[in-house]
Amino acid sequence: MLNVTALCTEYASAGGQPVKAAQDVTFEVPAGKLFTLLGPSGCGKTTTLRSIAGLERPKTGEVRVAERVVFSSEQGIFVPPNQRNFGMVFQSYAIWPHMNVFQNVAFPLEVRKQRPSRKEIADKVMRVLGAVQLEELAERDATKLSGGQQQRLALARALVMEPQLLLLDEPLSNLDAKLRHRMRFELKRMQRDLNLTTIYVTHDQSEALALSHEIAVMNEGRIVQIGSPRDIYERPRDRFVADFVGTTNFLDATVISANSGNGRCQVSTRFGALDVQCDEPFRQNDTLVVSIRPEDIELSEQRPDRIDGENIVAGTVHAKAFLGEYLDFQVKVGENILLARAHPSLRTPVGEPIHMRMKAEKCVAIPGAH
Amino acid sequence: MNSAVLDAPAAPRPGLQIDTKWVVIGACVVLVAWLALVPLGFLLWQSFLTPQTAAKSAEFTLGNYVEAYSSLETLRLFFNSLQFALGAALLAFVIGGFFAWVNERTNTPFKALFFALSVIPLIIPGILFTVSWILLASPKIGIINTILQEAFGTSIVFVNIYSMTGMIWVDGLHYSPMAFLLMTAAFRSMDPSLEESALMSGATVPQIAFRVTLRLAWPAVLASLLILFVRSIESFEVPALLGLPVGIEVYTSAIYQAVHRYPSQVGLASAYAVTLLLIASLGIYFQSQLSSQSHRFSTVTGKGYRPRTMDLGRWRYLTAGLFILYFFVVVALPFLVLLWSSLQKYYTAPSFEALQHLTLNSYRTVLDNPSFGTAVWNSLLLSLGCATIVMLVTSVISWIVIRTRMPGRWLLDNLTSLPLVFPGLVLGLAIMVCYLTIPIGVYGTIWIMLIAYITRFLPYGMRYSSTSMLQIHKELEESAAMSGASWGMTFRRVVLPLLKPGLIAGWIYVVIVSIRELSSSILLYSPGSEVVSIMIWELWQNGQYVELSALGVMLIAALFCFVLLAQFIGKKFGVAEA
Ligand SMILES: Nc1ncnc2c1ncn2[C@@H]1O[C@H](COP(=O)(O)OP(=O)(O)O)[C@@H](O)[C@H]1O
Ligand SMILES: [Mg+2]
């Protein structure tokens with residue numbers, strides 16, 4: 001449905017050297033799916049979103065929506081944002097303070113070329129306000145809304161125009177933690193109900209994992225990995241992705257044997273040889289980094305029997321932190337410290353030996369020099 | 001709307017129609033460029049020409065500059081102007097700065113009231129202020145002199161307003177409210193914890209005021225002094241009314257004299273005007289440098305938190321008393337003097353004897369004067385028209401300057417502020433020369449005055465517009481664009497309503513200064529296009545003091561009502577700040 005190809009957007013800066021805010025951004029979103037741009041602040045998510053919206057004019061690239069080209073540097077096409085029919089929720093919500101709730105939502109209908117009748121507008125606005133549970137507040141001053149209500153108003157305003165594409169720029173970041181969790185589910189439900197093709201921008205990895213059909217992780221203006229939430233979390237293909245999404249342990253390693261077709265290979269680390277998951281083609285003596293999530297390290301006081309496709313490493317408990325639902329163990333192996341997450345029932349005292357069991361498929365090999 | 005679209009206006013866009021956006025933007029840019037640059041060009045050109053007479057057409061000459069710079073007269077003119085402007089600026093600064101400090105930084109009682117009162121002096125036009133001080137302190141008819149002479153039974157002249165000191169006094173007093181506002185802003189942008197730490201170190205209040213507050217505000221102090229200096233060197237009413245009768249000339253009055261000599265020496269006046277323009281430009285240039293600097297170093301903490309004020313102890317009643325005295329001298333006294341004189345048949349100093357003969361005769365005379373209706377109508381038309389046009393144009397200009405990344409927008413910004421360096425009289429002269437040469441039929445009509453007013457007050461409007469434009473989050477516009485609104489629609493339905501509080505405030509200000517305007521109008525009016533301030537000027541020339549006072553009282557009262565009404569309407573229909 002949405003095709004973004006080789007998009008580059010630059011900002012002129014005072015120093016003369018332009019800021020390359022988005023570079024070679026390419027992705028595709030099928031109809032009805034929620035696609036998330038995830039990355040740390042300043043990585044170019046907003047820039048990418050605004051380039052799709054037409055609020056920035058990219059230097060090169062192409063943006064196509066359902067076969068309609070809205071931007072193409074080659075063909076010299078630039079459809080102004082007010083003719084694209086994309087709904088957008090801004091990070092600041094951008095609620096117009098001189099209009100009340102109803103007027104804010106009615107605005108997109110009123111500025112149409114073929115303006116619907118007053119009654120039609122009222123019907124539509126009230127229906128959308130109903131969908132976001134704001135119908136009681138229709139006559140309220142837009143400035144007298146709470147954060148959550150403002151967020152829903154901004155969403156209603158974007159939805160009322162029945163957009164081809166919905167663009168959301170960190171829509172939950174201005175809310176407090178509790179509300180953020182609730183709105184997350186509501187957003188997801190509404191998006192699935194309306195079957196709206198949506199691009200969602202966030203720096204919050206748990207939000208991205210919870211909401212998306214597909215995630216693109218961005219760093220320094222570039223997309224580093226695109227995949228389903230599960231892919232991104234379990235099979236990071238980049239050190240940056242593994243580090244940014246969730247917590248992880250990194251181990252430097254060298255390939256011993258790049259065997260078999262099952263995507264496994266054997267590497268040597270400071271803990272000895274490990275079986276790891278290799279999605280890229282590696283050759284012998286390639287250097288790489290192994291990422292192991294803390295929750296994928298199983299701890300036990302007795303040494304478990306090693307079966308095929310598992311790694312067992314022994315260490316000592318270095319420190320512990322009780323976090324309610326789970327316990328964080330720092331396990332010392334030689335000079336290295338690994339973080340492992342265990343059930344609070346495990347009570348091994350600090351200084352005692354402990355054994356770690358890691359499934360090979362959870363030890364993900366990521367290319368890269370040490 | 002968005003700025004990116006404006007980035008590459010030349011980019012090919014198939015099927016581009018004539019866009020309202022570009023029409024409006026283009027019209028505003030052309031208007032501003034025309035207003036700011038063309039008269040300046042004509043002024044420079046004219047200063048190199050000989051006077052045109054029926055027998056001989058103008059020729060190129062350097063004679064005007066030779067005459068303007070070679071005589072001893074010139075040296076005196078320069079020295080007088082400098083003395084006058086420096087004196088008035090310093091006086092205004094000391095008075096205004098002191099009260100600003102009292103108001104912002106101490107626990108003087110009734111501060112809120114004082115701040116509200118501080119805008120009132122704005123509505124007294126310079127010419128009325130000057131006339132009222134003549135009535136108070138002229139050697140022959142001045143109230144102060146007559147009362148003191150009677151009390152001591154002598155004929156010594158105690159105060160003489162017709163002197164350099166008198167000129168400095170009146171002008172300095174008249175500009176002190178401006179100094180007050182400038183310094184109030186400066187004190188507000190300062191981090192109070194810097195003063196508090198001085199307090200904790202054991203410093204006394206005067207020590208803090210001089211060694212911390214004033215030092216920190218130093219760039220702002222210099223900038224304010226420069227503005228006041230430029231304003232004073234440009235002021236026309238005081239030198240014309242107080243200086244000319246005793247032969248003290250400064251640049252502005254010299255320009256006026258040169259134009260009104262027979263045959264009129266426009267070239268010489270232009271040469272003087274160019275000099276004055278240079279001095280004013282220098283002042284404005286340094287002031288803007290300083291302001292941008294002080295802006296960079298300003299320590300605003302924001303968050304809308306009011307700094308703790310300094311406890312003056314019992315002295316705070318003294319400062320409150322001083323404030324009341326100041327208000328009396330700047331507002332009440334001039335108004336009361338005018339009121340008194342307006343109720344007389346012939347001008348007399350106040351006495352029990354005169355109290356018996358109060359009459360409304362003068363008001364009748366003024367109202368019966370056939371040019372009264374014309375003048376009021378013209379003033380209304382000009383001030384309302386000028387304010388509306390100025391605010392609309394500057395709202396577009398400030399949008400371009402702040403919201404877009406259009407190449408050359410800094411130039412546009414500077415062009416809009418350029419008229420700031422034109423003293424009113426110089427602008428009048430430049431516009432006169434310009435439209436005498438370009439025969440589009442505005443010379444001698446009310447339109448030429450409208451052009452002058454718009455040019456003159458464009459920078460003020462720009463300041464109001466751009467300040468409020470900066471406060472509008474750009475996403476508010478972008479979301480309108482995403483909703484499908486065109487540029488014109490976005491501007492009309494989102495930008496203008498959000499700018500409304502700032503635009504209304506600017507509009508009120510421009511209306512007031514347009515009604516007060518004298519120094520440009522005086523070179524541009526002709527019978528039928530006179531305005532109220534010109535009528536006052538003519539009454540003064542004719543020596544009709546009581547009629548002048550009556551007209552003055554009515555004008556001040558009308559302006560006062562206008563300000564109240566405008567503020568009321570602004571509050572009622574303005575947008576609640578988001
Ligand atoms: N208007 C602008 N002018 C210049 N640089 C900008 C502008 N907007 C963003 N940038 C720069 O572009 C980069 C990407 O910004 P942005 O897309 O806002 O990041 P994100 O939304 O991921 O936090 C940043 O380095 C930022 O400083
Ligand atoms: Mg952002």
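Proteins come first, then strands; the chains are lettered A, B, ... in the order of their sequence lines, and each starts at number 1.
Here the CD atom belonging to Gln83(A) is positioned 9.0 Å from the OG atom belonging to Ser486(B), to the nearest 0.5 angstrom. To the nearest 0.5 Å, atoms CZ (Phe107(A)) and OG1 (Thr490(B)) are separated by 5.5 Å.
Counting all heavy atoms, side chain and backbone alike, Leu498(B) lies closest to His98(A) at CD2-ND1, 3.4 Å. Between Gln91(A) and Glu475(B) the shortest heavy-atom distance is N-OE1, 3.7 Å. Minimum interatomic distance between Met99(A) and Arg493(B) (heavy atoms only, all atoms of both residues): CE-O, 3.7 Å. Here the closest heavy-atom approach between residue Trp487(B) and residue Asn82(A) is recorded as N-ND2, 4.1 Å. Contact record, Gly484(B) with Val111(A): C-CG2, 3.9 Å, taken as the closest heavy-atom pair. Contact detail for Leu476(B) and Ile95(A): the closest heavy-atom pair is CD2-O, 3.2 Å.
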Residues Glu478(B), Arg50(A); criterion side chain to side chain contact (heavy atoms under 4.5 Å, CB included); working and verdict: CA-CA 10 Å; Glu478(B) 289 171 346; Arg50(A) 291 169 59 87; 2.6 Å; yes
Audit row: His473(B), Phe90(A), side chain to side chain contact (heavy atoms under 4.5 Å, CB included) steps and yes/no: CA-CA 11 Å; His473(B) 201 302; Phe90(A) 290 81; over 6 Å; no
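In summary, of the residues considered (Leu167(A), Val89(A), Asn85(A)), a side chain to side chain contact (heavy atoms under 4.5 Å, CB included) with Met482(B) occurs for Leu167(A) alone.
Residue Arg157(A) touches chain B through its side chain alone, counting heavy-atom pairs closer than 4.5 Å.
Other residues, nucleotides and ligands place more than 12 heavy atoms under 6.0 Å from the OH atom of Tyr11(A). Atom CZ of Arg463(B) sits in a sparse spot, with 12 or fewer heavy atoms from other residues, nucleotides or ligands closer than 6.0 Å.
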